[in-house]
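These notes concern the structure reproduced below.
Note that this is a predicted model, so its numbers are computed, not measured. We number each residue from 1, following the sequence as shown.
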Amino acid sequence: MEKIQVKDAGGKLGVLVVGVGGAVASTFIVGTLAVRKGLSKPIGSITQLATMRLGKRNENRFPKIKDVVPLADLNDIVFGGWDIFEDNVYDAAKHAEVLETKDIDGVKGELVQIKPMKAVFDQNFVKRLHGTWVKEGKTKWDLAEQVKEDIRNFKSQNNCDRLVVIWCGSTEVFLPLGEEHKDLAKLEQAMKDNSDQIAPSMIYAYAAISEGVPYINGAPNLTVDMPAIWQLCEQKNVPICGKDFKTGQTMLKTVLSPMIKTRMLGLNGWFSTNILGNRDGEVLDDPGSFKTKEESKLSVIDNILQPDLYPELYGNVYHKVRINYYPPRKDNKEGWDNIDIFGWMGYPMQLKVDFLCRDSILAAPLCLDLVLFTDLAQRCGFSGIQTWLSFYFKSPMTDYETVAEHDLFIQYIKLKNTLRQIIGEETVDFID
């Protein structure tokens, strides 16, 4: 296969994080800095640890992805971002209580230097938080101009060759696709008109893409999942991906659902509940924000099981998702699933799963991989929705003509095959 002409990965890569002081972002940043100082291992990161088969199996060529794919070096990353609170990332990481002090202190000198820029904030979209370090502007268009200026200044002040913006902020209240989101000119006018249909996340996305910077949507917010932004991406030749990091309970659903379907077992019901005590749990305690998350979580099973094709097996599934804010648990989320299945001659069976996970520990390596892969996409000249990165998201984005793929293993094959195509290697149709 012909190798894609990829621009050089040399020079500094600026990573601008929206919600840079949050639990996920601070864990991501601390871990990345610790890894590059040799203080920790990048557990959970495909870009840093995974291998990829090249050629025929009997050739026994299984190099690490980072050794054959031209990814940015961790030493070239420069962190910055925005937050609604003024704390530097060292203080923010201590406040999040995800990591032990000894791990945070190992990179303290770098963390204290990462101070957030004032954030775009509208409490109508995140009702449980009260931002104190926020931008002011007459219109949302003015706020977008301020974010653009932040991006340009950061790039210049840190001598960055390239940038990536990643949303690690909170889940905004549910916002259905409206007329303002279907056309770029209408979106821009809505920003100038200060429309209540323009969420803060959209302002960041518009500003980043307008500046030629790729955007990663780590929350279930509408943000870049709209034709107006796709038009802008086409104009600016910028890649985007999203939405909602796939970490705990939903990751398990994308593994268990294919097992049930592959064996042609039936499903009567799937009840999922979570307890979570960090800022994300507090935000999701609001019904509006929970609605956004619920839409993201509920889509997985139907997509994988295809009830229209198998009505006798999946035509009447009762699927319920609950998220409960429980402060004592902090970032240590517990996801509990009760799954009612049936088999031969309709006889009932059950699966019960109790996943005691650490939300930010699972999300942090996803952030690193997505930053490196999205930067790679930009250097490859890819633009628009990067479906090959669906592996990382609960609600993988597609255009209106494409059905999203939720099966974790199919997503993984697609991810690696895209990397093979980039370096001019033959693709494979199975997991290696």
Worksheet entry | Carboxylate-amine/guanidinium proximity below 4.0 Å for Glu405 and Lys414 | no
Looking at [Y], is its backbone amide N or carbonyl O close enough to the side chain of [X] to form a donor-acceptor pair, meaning the two atoms are under 3.5 Å apart?
X      : Y      : result
Thr262 : Pro258 : yes
Asn217 : Val224 : no
Asp183 : Ala185 : yes
Thr254 : Met251 : yes
Lys261 : Ile304 : yes
Asp83  : Gly21  : yes
Asp399 : Glu401 : yes
Asn274 : Arg322 : yes
Asp122 : Pro200 : no

Quick one: are [X] and [Y] in side-chain contact, heavy atoms under 4.5 Å?
X      : Y      : answer
Tyr392 : Ile46  : yes
Gln411 : Phe393 : no
Leu187 : Gln231 : no
Trp388 : Asn417 : no
Phe373 : Cys241 : no
Pro220 : Lys394 : no
Phe125 : Asn221 : no
Val120 : Tyr204 : yes

Fill in: Leu175 vs Met202, side chain to side chain contact (heavy atoms under 4.5 Å, CB included): CA-CA, chis, key distance, verdict
CA-CA 11 Å; Leu175 196 63; Met202 296 176 191; 3.5 Å; yes
Under 3.5 Å, is there a donor-acceptor pair linking the side chains of [X] and [Y]?
X      : Y      : value
Lys333 : Gln249 : no
Trp82  : Asp150 : yes
Asn324 : Thr273 : yes
Arg329 : Asn332 : no

Give me the atom names and distance for the closest heavy-atom approach of [X] to [Y].
X      : Y      : result
Gln197 : Glu180 : CG-OE2, 3.4 Å
Gly19  : Ala25  : O-CB, 3.2 Å
Lys135 : Lys118 : CE-O, 3.0 Å
Gly277 : Tyr325 : O-CE1, 3.5 Å
Asp103 : Val30  : O-CG1, 3.9 Å
Val20  : Pro116 : CG1-CB, 3.7 Å

How many angstroms lie between [atom1] in [X] and [atom2] in [Y], if you round to the nearest 0.5 Å?
X      : Y      : atom1 : atom2 : value
Lys94  : Ser26  : NZ    : OG    : 12.5 Å
Lys12  : Arg162 : NZ    : CZ    : 12.5 Å
Lys140 : Lys192 : NZ    : NZ    : 15.5 Å
Leu232 : Ile209 : CG    : CD1   : 5.5 Å
Glu145 : Thr139 : CD    : OG1   : 9.0 Å
Met397 : Asp225 : CE    : CG    : 4.5 Å

Worksheet item: Does the pair Asn88 and Ile114 meet the rule for a side chain to side chain contact (heavy atoms under 4.5 Å, CB included), with working shown?
Response: CA-CA 6 Å; Asn88 63 51; Ile114 306 173; 6.0 Å; no
Discussion item. Consider side-chain contact (heavy atoms from CB on, under 4.5 Å). Of Leu99, Thr247, Ile43, Val24, which one does Ile361 pass it with?
Written reply: Leu99
Practice prompt. For Ile198 and Ile203, run side chain to side chain contact (heavy atoms under 4.5 Å, CB included): C-alpha distance rounded to whole Å, both residues' side-chain angles, the deciding distance at 0.1 Å, then the answer.
Written response: CA-CA 7 Å; Ile198 304 298; Ile203 295 172; 4.0 Å; yes
Fill in: Stepwise side chain to side chain contact (heavy atoms under 4.5 Å, CB included) test for Trp270 and Leu256
CA-CA 11 Å; Trp270 197 313; Leu256 294 174; 3.9 Å; yes
Discussion item. On the six-membered ring of Tyr90, is Lys108 placed so that its NZ or CZ lies under 6.0 angstrom from the centre and within 45° of the ring axis?
Written reply: yes
Practice prompt. Determine the interplanar angle of the Phe391 and Tyr412 rings, folded into 0 to 90°, and report it as parallel if under 30°, tilted if 30 to 60°, perpendicular if over 60°.
Written response: tilted
Discussion item. Students often mix this up, so state it plainly: with edges at 30° and 60°, are the rings of Phe28 and Phe79 parallel, tilted or perpendicular?
Written reply: perpendicular
Worksheet item: Is the distance between the ring centroids of Tyr206 and Trp141 less than 6.0 Å?
Response: yes
Residues, nucleotides or ligands: over 12 heavy atoms within 6.0 Å of [X] [atom1]:
X      : atom1 : result
Tyr318 : OH    : no
Lys148 : NZ    : yes
Glu234 : CD    : no

Worksheet item: With respect to Asp432, which candidate in Lys416, Arg61, Arg53 satisfies the salt bridge (Lys or Arg N to Asp or Glu O under 4.0 Å) definition?
Response: Lys416
